[in-house]
Asker: 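Below: one structure in structure tokens.
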Amino acid sequence: MKRLISLLLAAIVSLSIFTACGDTDALADVTTDVTENTISSVEEEIPEEDQLEDEEDAETSVYNDSAIVEAYKTGDSGSLSGDDIYVYQAACDAISEFYTEGMCDYEIILAAHDYITTHITYDMDEFNLIGSAKSESSTPFGALIYGEAICMGYTTTFQLMMDMLGVESIVVAGSSDGEAHAWNMVCVDDKWYHVDCTWDDYVPDYEGRMAFHTYFMVTDDTMALEHVWDMDSTPTADSEDYIYFFTNGLYAETTDDLKTILQASASEGELRAEVAIPLDDEVSTPFTTGMSIYAYWRIDLSTYSVIIYYFE
């Protein structure tokens with residue numbers, strides 16, 4: 001279950017004050033085993049009646065993408081039936097928007113992540129008193145057809161895109177904040193990384209919102225700060241080679257570096273900027289000409305901190 005951090009943030013930043021909004025939170029959904037590409041978590045013992053309920057919920061969350069992937073790779077969708085036809089077409093349409101021939105695996109992963117986090121909204125029915133998220137929201141059908149998902153919907157949609165485009169990826173079923181949660185791991189250059197599209201899609205959503213990358217291509221150490229899973233059953237993710245901020249010139253070791261990054265974002269008309277800084281550095285909000293920062297949000301990770309700045 002995701003705590004509505006960004007709703008609180010929206011209220012805070014409307015006061016036009018500088019503030020640090022605390023730890024990041026995640027969206028979560030009930031699931032156990034998913035498909036052959038899923039790694040199941042080891043959780044504390046659950047009463048039998050709750051296990052049965054969780055198993056029923058998990059069955060509605062599982063999505064088998066094999067027929068769709070085969071249709072995409074062969075170019076023959078004639079054997080598809082039911083919802084698979086609609087998911088296939090929607091997934092093809094989505095891929096046509098972000099994928100171009102010749103993209104490397106990292107570029108595909110980034111483009112799919114950004115598409116998902118900017119085109120899918122969290123199913124807010126999950127926050128009802130009885131937790132009544134739509135059943136389709138745990139599948140690519142809900143994510144791609146209705147544009148709504150809970151964590152398993154984000155995760156299986158990302159997995160579907162990776163399978164269609166030939167990028168090695170798995171689904172990890174674990175927990176966060178005491179609630180079941182799912183995300184992906186991807187392999188690039190023989191090294192594994194975590195990708196959590198759900199945690200990078202904050203609420204409330206708005207038209208033209210930009211993608212966040214706090215939990216994109218991160219290590220086990222970063223994920224383990226607020227995620228729990230059976231590490232013995234997953235590949236080791238200890239490389240920082242493809243950390244988004246490091247590979248995109250968004251790591252500021254000095255105040256001058258920070259000014260340069262923020263001014264570049266503001267000059268392009270952006271409403272916010274993502275920056276990483278050394279973990280132990282004090283939060284800095286430098287004055288820069290032609291730019292007004294009214295709030296920031298800091299997230300401390302394993303070896304660095306991410307700061308999201310908001311511009312007027």
Side-chain angles (χ1 to χ4, degrees), residues 2-27 110 113-114 117-118 121-122 176-177 194-219 221-227 240 242-312:
K2 181 176 182 178
R3 287 174 287 177
L4 301 181
I5 287 285
S6 48
L7 286 174
L8 297 177
L9 176 64
I12 293 171
V13 299
S14 66
L15 299 176
S16 297
I17 61 174
F18 294 106
T19 179
C21 296
D23 296 335
T24 324
D25 289 288
L27 304 171
L110 175 59
H113 167 279
D114 288 1
T117 57
T118 56
T121 63
Y122 193 76
S176 61
D177 240 6
H194 295 267
V195 175
D196 193 335
C197 293
T198 315
W199 276 42
D200 277 342
D201 189 16
Y202 305 108
V203 292
D205 285 328
Y206 57 89
E207 186 69 26
R209 66 192 183 281
M210 298 178 64
F212 290 86
H213 302 90
T214 308
Y215 293 94
F216 175 77
M217 303 293 282
V218 298
T219 64
D221 287 343
T222 286
M223 290 300 282
L225 293 173
E226 296 186 79
H227 293 65
E240 292 189 338
Y242 284 102
I243 297 293
Y244 178 81
F245 304 95
F246 300 166
T247 60
N248 287 274
L250 299 175
Y251 185 69
E253 296 189 83
T254 67
T255 299
D256 286 342
D257 290 342
L258 185 57
K259 287 182 179 179
T260 299
I261 293 170
L262 296 181
Q263 286 179 325
S265 295
S267 66
E268 294 174 2
E270 306 290 3
L271 297 178
R272 66 105 175 99
E274 298 175 295
V275 184
I277 63 171
L279 183 61
D280 296 328
D281 275 15
E282 293 296 323
V283 174
S284 177
T285 309
F287 173 78
T288 55
T289 304
M291 179 181 64
S292 178
I293 301 171
Y294 65 89
Y296 63 80
W297 177 7
R298 174 172 177 156
I299 306 102
D300 291 331
L301 301 178
S302 56
T303 60
Y304 57 96
S305 298
V306 174
I307 307 179
I308 299 171
Y309 289 93
Y310 292 82
F311 304 144
E312 289 185 313

Asker: List for me each residue that meets side-chain contact (heavy atoms from CB on, under 4.5 Å) alongside T303, sequence neighbours excluded, and say none if there are none.
Answerer: E240
Asker: Side chain to side chain donor-acceptor pair (under 3.5 Å) with S305: which residues, sequence neighbours excluded?
Answerer: R298, D300
Asker: Output all residues satisfying side chain to side chain donor-acceptor pair (under 3.5 Å) with T222, sequence neighbours left out; order by chain, then residue number.
Answerer: S302
Asker: Which pair of heavy atoms, one from D200 and one from T214, lies closest together, and at what distance?
Answerer: OD1-N, 3.2 Å
Asker: Can you tell me how far apart CG (D201) and CG (D196) are? Round to the nearest 0.5 Å.
Answerer: 10.5 Å
Asker: Sequence neighbours excluded, which residues qualify as side chain to side chain donor-acceptor pair (under 3.5 Å) partners of Y242?
Answerer: D189
Asker: To the closest 0.5 Å, what do you measure between OG1 (T219) and CG (L301)?
Answerer: 8.5 Å
Asker: Not counting sequence neighbours, which residues clear ring-ring contact (aromatic ring centres under 6.0 Å, His included) with F311? List them please.
Answerer: none
Asker: Say you draw a straight line from OG1 of T247 to CG of L110; how long is it, rounded to the nearest 0.5 Å?
Answerer: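 Going from OG1 on T247 over to CG on L110, the span is 8.0 Å.
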Asker: Could you point out which residue of W297, Y122, Y215 forms a ring pair (Phe, Tyr, Trp, His ring centres under 6.0 Å) with Y202?
Answerer: W297
Asker: Using atom types as modelled, flag every donor-acceptor pair under 3.5 Å from a side chain in residues 267-279 to any protein atom, sequence neighbours excluded.
Answerer:
residue : atom : partner : partner atom : Å
S267    : OG   : Q263    : O            : 3.2
S267    : OG   : A264    : O            : 2.8
R272    : NH2  : A211    : O            : 2.2
E274    : OE1  : H213    : ND1          : 2.9
E274    : OE2  : H213    : N            : 2.7

Asker: Indicate yes or no: at least one non-hydrogen side-chain atom of E226 is less than 4.5 angstrom from one of D177.
Answerer: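 No, side chains not in contact.
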Asker: To the closest 0.5 Å, what do you measure between OG1 (T117) and CZ (F212)?
Answerer: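 It is 9.0 Å, given to the nearest 0.5 Å.
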Asker: Could you tell me which residues satisfy side chain to side chain donor-acceptor pair (under 3.5 Å) with D221, sequence neighbours excluded, listed by chain and number?
Answerer: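 Testing D221 for side chain to side chain donor-acceptor pair (under 3.5 Å), a comparison that skips the adjacent residues, returns none.
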Asker: Checking Y304 now: which residues fulfil ring-ring contact (aromatic ring centres under 6.0 Å, His included) with it, not counting sequence neighbours?
Answerer: F246
Asker: Please report the interatomic distance OG1(T260) to CG(L250), rounded to the nearest 0.5 Å.
Answerer: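 If we round to the nearest 0.5 Å, T260:OG1 and L250:CG are 11.5 Å apart.
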Asker: Could you check if a side-chain atom of L258 sits within less than 4.5 angstrom of a side-chain atom of Y309, using non-hydrogen atoms only?
Answerer: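 Answer yes - side chains close enough.
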